[in-house]
Protein chains: 2
Amino acid sequence: MTRVLVVDDEPQIVRALRINLRARGYEVDAAPDGRTALDLAARRHPDVIVLDLGLPDMEGAEVIKGLRGWTSVPIIVLSARHASEEKVETLDVGADDYVTKPFGMDELLARLRAAVRRAAPPEEDAVVVTDDFTVDLAAKKAVRDGADVRLTPTEWHVLEVLVRNAGRLVSQQQLLREVWGPSYENETGYLRVYLAQLRRKLEKDPSRPRHLITEPGMGYRFER
Amino acid sequence: MTRVLVVDDEPQIVRALRINLRARGYEVDAAPDGRTALDLAARRHPDVIVLDLGLPDMEGAEVIKGLRGWTSVPIIVLSARHASEEKVETLDVGADDYVTKPFGMDELLARLRAAVRRAAPPEEDAVVVTDDFTVDLAAKKAVRDGADVRLTPTEWHVLEVLVRNAGRLVSQQQLLREVWGPSYENETGYLRVYLAQLRRKLEKDPSRPRHLITEPGMGYRFER
DNA sequence: GGCGGGCGTTAGAACGGCGTTAAGGCGGTG
DNA sequence: CACCGCCTTAACGCCGTTCTAACGCCCGCC
């Protein structure tokens, strides 16, 4: 779950943000001043910070610098000041975005989504592991006994559909449609050939498949 | 040097941006429409894109989607529309920031600095070593048997994309998009020529490549 | 117990894709 | 203006993939 730290000394703004963020599945912490904000940021490691300028105890710029000393968490600044110099200074000390009050909640949430999105790690590899072999969907790679297994485009495509539906039955028609196209729905012979190929390359005992399983008369299923 | 791609069909805005950016040491490319923008983005790999909505040939959202299909370069949108829905939609399809016209040049430049700053990679050791050769991504150099290998710009670009995706399969379309641009996705002949060149210059036995590997029908893969 | 349909397995032929080379064209440089 | 790299393009031969057909097996059904 995404964690948001809201820093503002006006209770009604904190309240409005808390309600809106909670409703969208965010976890919300709140701090009424800069000191508490720095403390909570260190302890709770939020995924994004919404920071109101004009806190009672510290300059906004000081809060940002205090954060930037050790974290690159996205900071979205809220401010009543429209002055260009203030925006420039705030952004240049390390803020990621600057929203002027009064602000539209929809827009703030959209900017928050954008900030979280680009801070997210670039995409993890979707790796599926079985006792006998490993399938890396992102790298388009299958490994067995430590060695890469070479798969042809069609073999890979069939395997991919099955693995993405791991544990579920995939009907022959569905497989044929996704790999060969809608007009090949009756070519069940293709499936027999390619499933045999895949088993020969991946299963320990191809005659007794443990992962690429036939459901007679229905379709095929990948079990990890 | 930081490279900026300015996308706008109004010459005076392009001109103003170009002058201001040049004066601050940026390298500036400009595109008057979406099609040119996508092409230039692929060929020049800007560090940030300033995109005006309301281009003559494409919807702004379409341009953003076209970019987001293969790159995470920061996109700062310029727009005359202040409507909240437009901001939300634009940010949600992948824009990083949304600035309404008329805009202050100082503010835009500050937002641009912020976008570039947070996109900057955390100073990685960009040296990849294999048994047969070494690739230094930062220095843009390849070394084999202690001697520098001379690579043409295109050769280097192809190698760079493959090395940055080390171990992962890179499809022919992806490779062509990133090196030649989206309109070259069918020119698979280029790949055959350039992969042959790279193998001849880098592999010990070019007829049996150990690192620049072809996956027939799918793409290419760099293995260290 | 014979029969037929579905499935697994194998091999070969056709096709398209890939590696390789070299020549032409283009732009940049001295 | 001539030269030189680099990119593009085309031609050719080879290799891998896909398709197709044939055969054997198992199982349920008549």
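Fair warning: this is a prediction, and the values are worked out from it, not measured in the lab. Proteins come first, then strands; the chains are lettered A, B, ... in the order of their sequence lines, and each starts at number 1. Atom set for the values below is all heavy atoms of this structure, side chains included, hydrogens, waters and symmetry mates excluded.
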Indicate yes or no: at least one non-hydrogen side-chain atom of E223(A) is less than 4.5 angstrom from one of R210(A).
no

Is the shortest heavy-atom distance from the side chain of R199(B) to the side chain of D205(B) under 4.5 Å?
no

Below 4.0 angstrom from OP1 or OP2 of dC6(D), is there any side-chain N or O of T154(B)?
no

Name the first nucleotide and the last nucleotide along DNA chain C (5' to 3') that come under 4.0 Å of a heavy atom in chain B.
dC18(C) to dT21(C)

Members of residues 171-199 of chain A that approach DNA chain D, where some heavy atom sits under 4.0 Å away:
W180(A), Y190(A), V193(A), Y194(A)

Rounded to whole angstroms, how far apart are CD on E215(B) and C1' on dG16(D)?
12 Å

A correct 5'-to-3' footprint of nucleotides 25-30 of chain D, with B, S and - meaning base, sugar-phosphate only and no protein heavy atom under 4.0 Å, is ------

Would you say the side-chain atoms of R200(A) and Q197(A) include a donor-acceptor pair closer than 3.5 Å?
yes

Could you tell me the separation between the CG atom of L151(B) and the P atom of dG5(D), rounded to a whole number of Å?
16 Å

Hey, does the side chain of R150(A) come within less than 4.0 Å of dT17(D)'s phosphate (OP1/OP2), counting only N and O?
yes

Tell me the interatomic distance from H157(B), atom NE2, to dT8(D), atom P, rounded to whole angstroms.
13 Å

To check you understand the geometry: which heavy-atom pair defines the closest contact between K140(B) and W156(B), and what is its length?
CA-CZ2, 3.2 Å

